[in-house]
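Every chain is numbered from 1, with letters handed out A, B, ... down the list of sequences. Below, each value reflects all heavy atoms present in this structure, side chains not excepted, and no hydrogens, waters or symmetry copies.
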Number of protein chains: 2
Amino acid sequence: MITTKFSRQRESIKEYLSQTKEHPTADTVYMHIREKYPNISLGTVYRNLNLLVDLGEIIKLSPGNGSDRFDGNPLPHYHFVCTECSCVQDLDIVPGALDHINRIAEAGFNGEIQGHSVFFYGKCSNCKLNN
Amino acid sequence: MITTKFSRQRESIKEYLSQTKEHPTADTVYMHIREKYPNISLGTVYRNLNLLVDLGEIIKLSPGNGSDRFDGNPLPHYHFVCTECSCVQDLDIVPGALDHINRIAEAGFNGEIQGHSVFFYGKCSNCKLNN
DNA sequence: TTACCTGCAAACCATTTGCAGATCC
DNA sequence: GGATCTGCAAATGGTTTGCAGGTAA
């Protein structure tokens, strides 16, 4: 069990993440929180982001390209990554709509499939228009 | 277009990858190639791995945890990552069996879905037995 | 001969960590 | 008062890169 004490820095990070749809990197979070708490350090941002992930209050995304990103919505959902501008967007997929792929994967596999992580790639609506 | 000259180091890396099922990290590749070419440098291993990826002869996997891994089989297929021992294994999924998820993702999305990357998580057969 | 390739070492980038002091409860 | 938190700066780990000398074609 993880014990925590109140911290205004952590509160601010949580609030920022819950209100943005940008799926920011740790550094972007740092930039934003610094507007309110100019003395906050990048180390504190990383520590709190990891703590919030451990508490299950936010989610960490590792899309492969570059840095990890963070999502204030801890409920299971899927993400899209634009191959042109690298933006990350939530997808509007019915919860459970992809659960069946675990069974497909489990056929002919001797271990135990417990979950999956999926990223969809392509062009976001902006990049689709701009060329 | 990428132009290349023969290199015994690159040949050796390609051969090692085509023959192992370990999905090794760059460092593991380095260890193995060093048995035959003790003077090879890690930089050269990285350069050749990236070159082979660009040539489409191997595939780079980014399972999120720790370092990237490399797969000598460039044909599209899916992977399993063990949450206990972190091993990576090929899954025996019929080619195309998951193509339909792109259409699920595209419903209600304004951009253009061109592909996806999926990792399945759970316990490998070994770790399933050993507890 | 001239790309391309190599080893080496330094640089880079994202992330983590040790420390001494501050803060919450 | 004691555990948790902070800023700072240094350390870490994975990967890339500049350079000067080698090698394939």
Whole Å only: how far is the [atom1] atom of [X] from the [atom2] atom of [N]?
X       : N      : atom1 : atom2 : answer
B/Asn65 : D/dG14 : CG    : P     : 12 Å
B/Asp54 : D/dT15 : CG    : P     : 15 Å
A/Tyr30 : C/dA14 : OH    : P     : 14 Å
B/Leu42 : D/dG14 : CG    : C1'   : 9 Å
A/Leu49 : D/dT6  : CG    : P     : 11 Å
B/Met31 : D/dG14 : CE    : P     : 10 Å
A/Leu52 : D/dC5  : CG    : C1'   : 13 Å

Practice task
Would you tell me if any nitrogen or oxygen in the side chain of B/Asn50 comes within less than 4.0 Å of OP1 or OP2 on D/dT16?
Solution key: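 Checking B/Asn50 against D/dT16: at least one side-chain N or O falls below 4.0 Å of OP1 or OP2.
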Exercise for the section: For C/dT15, take OP1 and OP2 only and decide whether either is under 4.0 Å from a side-chain N or O of A/Tyr46. Expected result: yes
Completion exercise
Which of A/Val29, A/Thr25, A/Thr28 passes side-chain contact (heavy atoms from CB on, under 4.5 Å) with A/Arg69? It is A/Thr25
Practice task
Assign B/Asp68 to base, sugar-phosphate, or nothing according to its heavy-atom contacts below 4.0 angstrom with the strands shown.
Solution key: sugar-phosphate
Problem - Flag, side chain of A/Arg10 to backbone of A/Lys5, donor-acceptor distance under 3.5 Å - result: yes
Got [X] and [Y] here, is their nearest side-chain heavy-atom distance under 4.5 Å?
X        : Y        : value
B/Asp90  : B/Asp71  : yes
A/Lys60  : A/Asn50  : yes
B/Phe109 : A/Gln89  : yes
B/Ser86  : B/Asn65  : yes
A/Val88  : A/Phe119 : no

Exercise for the section: Please confirm whether B/Arg34 makes a cation-pi placement over B/Tyr30, using NZ or CZ under 6.0 Å from the six-membered ring centre and within 45° of the ring normal. Expected result: yes
Exercise for the section: Give me the ring orientation class for A/Phe120 and A/Tyr78: parallel if the planes are under 30° apart, tilted from 30 to 60°, perpendicular past 60°. Expected result: perpendicular
Handout entry: Angle of first-five versus last-five pair axes in the helix from C/dT1-D/dA25 to C/dC25-D/dG1, to 10 degrees
Key =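 Comparing the first five pairs with the last five, the axes sit 30° apart.
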Completion exercise
Nucleotide by nucleotide, nucleotides 5-11 of chain C touches protein heavy atoms under 4.0 Å in the pattern (B base, S sugar-phosphate only, - none) SSBB---
